Amino acid sequence: MKTKAPKPSAAAAIALALALALAGTGTTQAQSCLGRQEIQEAVTSGQIMSLDAVLASAGVDPSAEILNVQVCDQGGQLVYIIGVLTADGQAQNLVLNAQ
């Protein structure tokens with residue numbers, strides 16, 4: 001008698017695919033991100049540029065809606081990770097040098 005192997009659930013298949021994709025890009029490494037107070041202190045002390053200055057220097061459209069902002073250490077360098085919604089409705093994550 002031949003038995004069929006159980007099919008993995010859709011959630012398990014998606015989780016596996018996501019894990020494999022992340023492993024391939026190296027994004028599974030832990031990132032150290034600053035809290036709101038730490039970001040404010042870093043801007044005030046001149047350790048990093050303000051969000052407005054970073055967006056302007058990167059040429060980000062001023063009409064883009066900011067969805068979220070993080071400042072994280074990536075390989076010893078502080079970067080802004082910014083979620084934006086563009087004028088045409090596209091959501092994007094920008095990674096911009098904070099220093």
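Quantities reported herein were computed from a predicted structural model and do not represent experimental measurements.
Under the 4.5 Å side-chain criterion, counting only non-hydrogen atoms from C-beta, V43 is not in contact with M49. For the pair Q92 and T86, the minimum side-chain heavy-atom distance is below 4.5 Å. Counting heavy atoms from C-beta outward, L94 and I81 have side chains that stay 4.5 Å or more apart. At least one side-chain heavy atom of N97 sits less than 4.5 Å from a side-chain heavy atom of Q77. Side-chain atoms of L96 and I82, non-hydrogen and from C-beta on, do get closer than 4.5 Å to each other.
Here the closest non-hydrogen pair linking A42 and S45 is O-OG, 3.2 Å.
Proximity of a side-chain donor or acceptor of Y80 to a complementary backbone N or O of C72 within less than 3.5 Å is not detected. The main-chain N or O of G35 is found under 3.5 Å from a side-chain atom of E38 such that the two form a donor-acceptor pair. D73 places no side-chain N or O within donor-acceptor distance of the main-chain N or O of S32, the cut-off being under 3.5 Å.
Here the CD1 atom belonging to I39 is positioned 6.5 Å from the CD1 atom belonging to I48, to the nearest 0.5 angstrom. For the atom pair CZ of R36 and CD of E41, the computed distance is 14.0 Å after rounding to the nearest 0.5 Å. L85 CG to Q90 CD: the interatomic distance, rounded to the nearest 0.5 Å, is 8.5 Å.
Checked by atom type, the side-chain pair D52/S50 shows no donor-acceptor distance below 3.5 Å.
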Worksheet entry | Working for side-chain contact (heavy atoms from CB on, under 4.5 Å), residues L78 and Q47 | CA-CA 9 Å; L78 290 174; Q47 182 183 5; 3.6 Å; yes
Discussion item. Under the criterion side-chain contact (heavy atoms from CB on, under 4.5 Å), I'd like the reasoning laid out for I66 against L55: C-alpha separation, chi angles, the key distance, then a yes or no.
Written reply: CA-CA 10 Å; I66 305 299; L55 291 172; 3.9 Å; yes
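Tracing side-chain contacts under 4.5 Å through hydrophobic residues (I, L, V, M, F, W, Y), one reaches V60 starting from V69; they form part of the same cluster.
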